Amino acid sequence: MTSVVKEDNAGVGFPCVGVSFRVLEEIREIAKATCSGKDANTGQVCSEIVKPETFKYQSSYADYLIRVGREKEVGKPTIFVSHAWSYIFSDLFSHIGDFEKKSRESGIVHFYWLDILTVNQHKASEYPSTWWSTTFKVGIESIGHTLLVLSPWSKPIPTTRAWCLWEMLCSISNENVEFEILLGSLEREQFRKALLEDWNLVENVMTKVDVETAEAFNPKDREFIFDAVRQTVGGFSTVNTKVKDQMRDWLFNEGKVLAEELMEKKGDETTDALINNVGKLMRQLGKYTEAYEFAQYALEWRTKYYGELHERTAQTFELQGRLQRDMGHYEESLLLWRRVLDLRESQCSAIPEDVGIQASRLEAMDCYASSLRDLSKLTEARELFVQCVDGCTALLGDTHLQTLGSKRGLGRTLHLLGCTEEAEPILEQVHNGYIALLGRKHRDTIGVCGNLATCKISKGLFKEAEDLHRQILEARVEVLGMSHPHIFNTFNHIGQVIDKDGRHKEAETWFRKSLVGKEEINREVNEGLDSKYALNTVRDLAQCLTSQLSIITAASEMVESDEAKVLTVETERLLRREIVGRRRNGNQKDLVKAEAALSKFAENFL
């Protein structure tokens, strides 16, 4: 009675049949009365309801419904539901219910392919492995829409289950299958609670989601699935990225809606904390415009109700300082961090024995030093970083996360001062420490890996540096998403090392990709004006084109070629654009360099 897509060699077909949402609702009600109450998981529902009810016919629940005259509740499946059998069934029902509600509002009727109801559970254990590797895959493709139910939001169970990974792969590897994750109202409540009570959980959620940690009861199943993943383009990183892209969208939307609701209601004392943390979340997601809007609201609230010297107000000043630096507004960032540092120093004078306040003062000093480095005030920055490292080591220990952060700042500054041999071992120590404390895929671990790559460039180790930057790009796309500002910086870094290696045309492609992304950010957060980040790419692209022009014009007969003319015009335009931007941003050192570059270009080519 069940239609099939295809039979495998053993003659077992894929049950191309789905059940209505009404059936799921009925099963949920039966489970409340006959299973372990509201806490019955999906596996228990299968063994205590589905299998006994269908025992007489030795069929699937969908076939059973047809046999008892309820064929209207069965139809061609439109949604393949991927889930974990350990889910509480009432929670699974609630998640699907959120999806069903939105579908009904759009006038769409769905039939759900849910394995405990559509697969013959009396025979499933006898299905050959080829059924799962071929017939099952074709079946998912025939449905065309996979709904992956993720719970809990902070560490979704399906990402730890090998067979759920197989369902993800079957969906993602086919461009005709729509892949969608579902985080319902239950997860929304837990997320909002974490925003207020456990920021570290929110901050690190993307690091914890990793399908490569998935396990299976049968080791051979895991081996088969992992081999299949490795054979796809991008492997585990591609699957992780697909899942995390949608998780990031969910975090962004939920955070934005929550903050806007709170700003509208003007609630109690938790309002400013939640809005401030939503601002921090937006910053992590690279949504600087929204982050600054929420940080500004939190600052106004906290200044009004707590005063400028209150700890909560200081925390929002810190957030704004970080955001201004992210957006390339280094002078503004420096002023904010000077303000925070002054506040922290006055707090330390009042309560000198408080370790937490001492650590906050050192953190503010570290961030102030970073802003000085951004403004090319390297000697002053180095002196402050040395103080931070010494202070953190004495207060917190040599391997504490904050100590490692200050060491990273010192290492980066030393490298910019030309002390690469001194900087590299410091950065190596930080990298190893971050791996131990944060893991390889944490954004800070990835970042210090980039710092090490720049050291290798300085030593002429271009191949090693390029390999590192490409690894960084893959990791950042997975952890941050393709539209995050750090991705465009990584494009630029790859272009730099390739250009130094003499592959100028290839480097040009990377610089242009970087510039397109940075120009989009300029429109969003900088009123269309070039930030320092964008100007650095403008400079690098101009240098790359100049190198190409030098090669072309090396042969005298090629001086008047069309390609040379085009390169000359564009390079001059880029160099003048950099000068205008540097002059507006007020960085005299970079301005002098830009003017010298244009002068040299004019002498050689104009």
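What you see is a predicted model; the values in this text were computed from it and never measured.
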Subject >> Residue pair Asn536, Gln496: steps toward the side-chain hydrogen bond (donor to acceptor under 3.5 Å, both in side chains) verdict >> reply: CA-CA 11 Å; Asn536 288 345; Gln496 286 175 333; over 6 Å; no
**OP:** Mind running ring-ring contact (aromatic ring centres under 6.0 Å, His included) on Phe236 and Phe226 for me, showing each step along the way?
**Re:** CA-CA 8 Å; Phe236 289 99; Phe226 274 38; 4.8 Å; yes
**OP:** Please test Asp342 against Arg338 for salt bridge (charged side-chain N to carboxylate O under 4.0 Å, His left out), starting from the C-alpha separation and ending with a verdict.
**Re:** CA-CA 6 Å; Asp342 289 343; Arg338 181 69 260 180; 2.8 Å; yes
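Between His415 and Thr420, the side chains place a donor N or O and an acceptor N or O closer than 3.5 Å (distance only, hydrogens not considered). Side-chain atoms of Gln284 and Asn204 include no donor-acceptor pair closer than 3.5 Å. Looking at Thr445 and Arg440, their side chains never bring a donor and an acceptor atom within 3.5 Å of each other. A donor and an acceptor atom, one from each side chain of Asn240 and Asp210, are located under 3.5 Å apart. Inspection of the Gln358 and Arg344 side chains reveals no N or O donor paired with an N or O acceptor under 3.5 Å. Using a 3.5 Å distance cut-off with no hydrogens or angles, the side chains of Arg312 and Gln315 do not pair a donor with an acceptor. Looking only at atom types and distance, the side chain of Thr207 has no donor-acceptor partner in the side chain of Lys441 under 3.5 Å away. When only modelled atom types and interatomic distance are considered, Glu508 and Gln548 share a side-chain donor-acceptor pair under 3.5 Å. Side-chain polar atoms of Ser333 and Ser371 form a donor-acceptor pair below 3.5 angstrom.
Shown here for Thr241 and Arg248, the closest heavy-atom pair between the two residues is O-NH2, 4.2 Å. Closest non-hydrogen pair, Asp499 versus Cys544, comes out as OD1-SG, 3.5 Å. The minimum heavy-atom distance between Gln320 and Leu299, with the atom names listed, is OE1-CD2, 3.3 Å. In terms of heavy atoms, Ile426 sits closest to Lys407 at CG2-O, 3.4 Å. Taking both residues in full, the closest heavy atoms of Ile487 and Val477 are given as CD1-N, 3.6 Å, listed atom of the first, atom of the second, then distance. Here the shortest heavy-atom pairing between Thr537 and Phe511 reads CG2-O, 3.5 Å.
At least one donor-acceptor pair closer than 3.5 Å links the side chain of Thr393 to the backbone N or O of Val389.
From His400, atom NE2 reaches atom OG of Ser406 across 11.0 Å, with rounding to the nearest 0.5 Å.
Note on Lys513 versus Glu519: no salt bridge recorded, every NZ/NE/NH1/NH2 to OD/OE distance being 4.0 Å or above. Between Arg302 and Glu318 there is no salt bridge, since no side-chain nitrogen of the basic residue lies less than 4.0 Å from a carboxylate oxygen of the acidic one. Under the 4.0 Å criterion applied to side-chain N and carboxylate O atoms, Glu290 and Lys287 are not assigned as salt-bridge partners. With respect to the salt-bridge test (charged N to carboxylate O, under 4.0 angstrom), the residues Arg339 and Glu308 qualify. Using a 4.0 Å cut-off between a side-chain N of Lys or Arg and a carboxylate O of Asp or Glu, Glu260 and Lys256 qualify as a salt bridge. Look at Glu424 and Lys459 and you find a salt bridge, because one of the NZ, NE, NH1 or NH2 atoms lies within 4.0 Å of a carboxylate O, short of that distance. Contact check on Glu520 versus Arg523 returns a salt bridge, with a Lys/Arg side-chain nitrogen under 4.0 Å from an Asp/Glu carboxylate oxygen.
Residue-environment remark: NZ (Lys242) stays at or below the threshold of 12 foreign heavy atoms within 6.0 Å. Heavy-atom neighbours of Arg584 CZ from other residues, nucleotides or ligands within 6.0 Å: above the threshold of 12. More than 12 heavy-atom neighbours from other residues, nucleotides or ligands sit within 6.0 angstrom of NZ on Lys532.
Side-chain contact between Glu572 and Phe601 is present, with at least one heavy-atom pair separated by less than 4.5 Å.
Ring geometry for Trp153 versus Trp250: interplanar angle of 30 to 60°, hence tilted.
Ring pair Trp337/Phe317: centre-to-centre distance not below 6.0 Å.
A salt bridge (charged side-chain N to carboxylate O under 4.0 Å, His left out) with Glu595 is found for exactly one of Lys600, Arg539, Arg582, Arg583, namely Arg583. Among the candidates Arg470, Lys463, His469, the single residue satisfying the side chain to side chain donor-acceptor pair (under 3.5 Å) test with Glu466 is Arg470.
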